[in-house]
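Chain letters run A, B, ... following the sequence lines, proteins first and then strands; every chain starts at 1. As the structure is a prediction and not an experimental result, all values here were calculated from the model.
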Amino acid sequence: MPQIRAIVADDEDQLRKHLRSQLADCWPDLIICGEARNGQEALELIEQYRPDIAFLDIRMPGLSGMEVAQKIAGACWVVFVTAYDQYAVEAFEHEAIDYLLKPVTHERLQRTVNRLREQITSSHKPPLEISEIVERLMTSLPQRQAPAYLQFVRVQKGDGIRLIPVEEVYYFKASDKYTLVITKDGESLIKKPIKELADELDPQQFWRIHRGTIVNVQCIAQVSRSVTGRGIVRLKGRPESLAVSRQYIHLFKQM
Amino acid sequence: MDAHHITPRHVLRDLGYTIIISAVIAAFLTFTGITPKSFVIVLIVSQSFGVSIYSIIHFLFWVFKPQKTTSVVFTVMIGIAGGTLIGLQIGSFALQQIFSIALKQHDKSFLQTVTLAITFSSIISYFFYSRFRLRASEEVIQQEKIKRLSSEKEALEANLRLLQAQIEPHFLFNTLSNILSLLDTDLHKGKSMLMDLTRYLRTSLAKTRAEATTLGQEMEMIKAYLNIFKVRMEDRLRYRIEMPDNIKKLSFPPMLIQPLVENAIKHGIEPKVEGGEVNIRARKNGDVLRLEIADTGTGLHEDGTRGFGLSNVRERLQSLYGDRGQLILEENRPSGLKAIIEVPYAPD
């Protein structure tokens, strides 16, 4: 029988060493042909050595363990290793994907080793569909979903660049190709045109009330309306008032 | 139009407006010479039109409660027509009683009077209607605000609880794995890591943490936290803490700096393949105490993927110091994020 080979991927040196020594106890014949410190290295090792098994830590810099598994598409058997990923672990259970929890116990590792041995000697091929399953998992895991809306604007302040959370902005006002950002500390200019901002900001929190104005709903103190149908927005903590054009007055009517 | 938004106070106030506007119209008609009659006569006629049209429209709204714009317009039109008829009766009755003048139903000035009444009352009705709609929308805005505020308050409280009891499981289990491993390979290092973990846990878990510890104590805990990561990440992490001794004695609220350090490691340095540096500096700047936590990590993305924990710190600073405490975020050079806490410098 040919020798079985594996790689171990974890960004923490001590943990790679530890898993290696535990594997040496549980499976003395197993050859560890490489160690990877991040996802990219793991991918390269797998392509280079074509191991039978890859032990992949989930949280690694660069590519995550799951991204690596997705890319190798059944090139080898995959065992995920994680300290704590509640959702991922539930999903692994459900999909019968092999995983280890850190700190890895001897008994748990022994079970995984037995299973791998059996699968490899009975000449099953590593499942191709793992990349599909992982892809599906990755899109459904909550921590993977980045916030959809703009959270910060980058503003030149003195000789540095300041990051202002959008909730601190009173309103945005178009100024030629650029946009003025008005906060309690004053006005600053950003290079993003107001049209682009309108698409990126959370429409629940920011209302476009004029072709050149986007206002933070939280900062509205009062809305009044003239007989001609034009609206006027007064702000909390700012003396100026903003005009609402006819096109956008429906925002206030529908309420 | 929603009838339950109309309160008696509104009805009375709008009636007042109606009387004033009717008087102004009467004055306008007399002094511009549009009607040849005397001001008092015009005033009586104009008030009887105004008040009856106003009352009829209100009565119709109260009875039928029209919702759609078309039915609102229809109701107003009926109201104006009915109000004009009744106003005419009242007006001619009053004039007959007081001045013994009869309104002649077929002459030119009679038609003019009715036309004027309908024109003015249409304009005034539109004015009232837009005011009403605005009032209704303002009320909704107000309610939305109250709802939002109370949910924000709840979220804030929940966050605070979370913050105080926050030991990230990922951090804990990874650290324990490291200690287990070190017990086999480097007993001394394993022991010192266990001591750092203990120090960190004791401070973060203490249920009855004082409202304020000292900056020095807080920094000891952060040092323990960074030491743990130094063992785990080895040369991928470098850190430096600069804090003058006189600043160490200052009292300072717990768990304000720690989330920023955690943020620097977790979202700045750890995801970066080559790792980086965390530099913490505390100094007095006039009457301001300035704490900087700078990392050379991946930096803050505009989509806010690194924003977690930051808004928490900002909210706590606001509740502790009001406008005198602030969290400033800057891009660090050459890379990464610099978080700056500024609070009043207050030696005991």
Side-chain angles (χ1 to χ4, degrees), chain A residues 11-19 21-22 37-41 59-62 64 82-86 101-104 146-154 157 160-168 184-185 192 200 217-218 220 222-229 231 251-255, chain B residues 123 126-127 130-131 133-134 136-141 143-145 148 168-182 184-186 189 231-234 236 269-275 298 300-307 310-311 314 323 327-333 337-338:
Chain A
D11 55 325
E12 295 186 26
D13 185 50
Q14 199 59 44
L15 300 187
R16 288 196 308 273
K17 277 189 210 153
H18 192 48
L19 184 59
S21 79
Q22 284 179 299
R37 290 171 300 175
N38 56 58
Q40 191 56 44
E41 282 186 12
R59 288 200 201 179
M60 285 189 289
S64 76
T82 178
Y84 184 87
D85 276 288
Q86 198 190 342
L101 286 178
K102 294 189 263 190
V104 180
Y149 299 112
L150 192 72
Q151 304 289 317
F152 294 92
V153 284
R154 299 163 80 250
K157 203 95 185 183
I161 290 171
R162 200 171 272 198
L163 296 141
I164 298 177
V166 292
E167 62 262 27
E168 292 195 351
K184 73 171 191 302
D185 300 323
K192 209 174 271 230
E200 292 175 10
V217 181
Q218 301 271 45
I220 297 179
Q222 204 190 20
V223 189
S224 51
R225 187 145 169 246
S226 66
V227 185
T228 58
L251 288 169
F252 298 96
K253 277 187 199 166
Q254 70 180 11
M255 295 181 79
Chain B
I123 296 170
Y126 179 68
F127 167 67
S130 10
R131 266 172 46 85
R133 273 216 298 214
L134 211 67
S137 70
E138 264 171 25
E139 239 166 80
V140 178
I141 290 181
Q143 279 163 8
E144 285 287 312
K145 270 186 206 156
R148 208 178 194 136
E168 222 245 316
H170 205 269
F171 163 76
L172 188 59
F173 289 122
N174 259 325
T175 305
L176 288 173
S177 305
N178 269 277
I179 294 170
L180 264 176
S181 163
L182 285 169
D184 289 340
T185 54
D186 190 337
K189 216 170 169 182
V231 175
R232 285 173 50 183
M233 298 173 71
E234 295 190 312
R236 283 183 62 225
I269 310 288
E270 259 195 318
K272 200 166 174 177
V273 173
E274 63 270 35
T298 53
L300 188 67
H301 302 292
E302 286 189 335
D303 64 5
T305 39
R306 261 194 77 173
L310 295 178
S311 50
R314 185 171 284 117
D323 285 342
L327 172 66
I328 302 164
L329 300 176
E330 278 179 8
E331 278 185 3
N332 195 28
R333 286 192 196 132
L337 179 70
K338 189 191 271 182

- request: Verify side-chain contact (heavy atoms from CB on, under 4.5 Å) between B:E144 and A:V217, making sure each step is shown before the conclusion.
  value: CA-CA 10 Å; B:E144 285 287 312; A:V217 181; over 6 Å; no

Per-residue contact mode, B:K145 against chain A (heavy atom under 4.5 angstrom): side chain

- request: Enter the distance from B:L172:CG to A:K102:NZ here, rounded to the nearest 0.5 Å.
  value: 13.0 Å

message: Less than 4.5 Å to any heavy atom of chain A: does that hold for the side chain of B:P169, its backbone, both, or neither?
response: both

- prompt: Looking at residues at least two apart in the chain, or sitting in another chain, which of them share a side chain to side chain donor-acceptor pair (under 3.5 Å) with A:R16?
  reply: A:D13, A:E35

task: For chain B, find which of A:Q40, A:Q222, A:K17 contributes the most heavy-atom pairs closer than 4.5 angstrom.
output: A:Q222

task: Check whether any side-chain heavy atom of A:H18 lies under 4.5 Å from a side-chain heavy atom of B:S177, and answer yes or no.
output: no

- request: Could you have a look at A:Q218, A:E168, A:M60 and say which one has the most heavy-atom pairs with chain B under 4.5 angstrom?
  value: A:Q218

statement: Under 4.5 Å to a heavy atom of chain B? For A:E41 that would be neither

message: Evaluate B:T185 against A:Q14 for side-chain contact (heavy atoms from CB on, under 4.5 Å), listing each step before the verdict.
response: CA-CA 9 Å; B:T185 54; A:Q14 199 59 44; 3.2 Å; yes

field: salt_bridge(B:E270, A:R59) N-O dist < 4.0 Å
entry: no

Heavy-atom check, side chain of A:K157 versus side chain of B:I328, under 4.5 Å: no

task: Give, for atom CZ of A:R154 and atom CG of B:L329, the distance between the pair rounded to the nearest 0.5 Å.
output: 13.0 Å

- request: Could you tell me which non-hydrogen atom of B:P271 sits nearest to which non-hydrogen atom of A:P61, and how far apart they are?
  value: O-CB, 3.2 Å

query: Just how far is it from atom NE2 of B:H170 to atom CD of A:Q86, taken to the nearest 0.5 Å?
result: 12.5 Å

- line: Bottom line for A:D11: the part with an atom under 4.5 Å from chain B's heavy atoms is both

- prompt: What's the spacing between A:I220 CD1 and B:E138 CD if we round to 0.5 Å?
  reply: 10.5 Å

query: Where on B:D186 is there a heavy atom nearer than 4.5 Å to chain A: the side chain, the backbone, both, or neither?
result: neither

query: Highest number of heavy-atom pairs under 4.5 Å with chain B: which of A:V223, A:N38, A:V104?
result: A:V223

task: Against chain A, label B:N174 side chain, backbone, both or neither, depending on which of its atoms sit under 4.5 Å from a heavy atom there.
output: both

task: Under 4.5 Å heavy-atom distance to chain A, tell me which part of B:L182 shows up: side chain, backbone, both or neither.
output: both

- request: Taking the side chain as every heavy atom from C-beta outward, state whether A:R37 and B:R236 have any atom pair closer than 4.5 Å.
  value: no

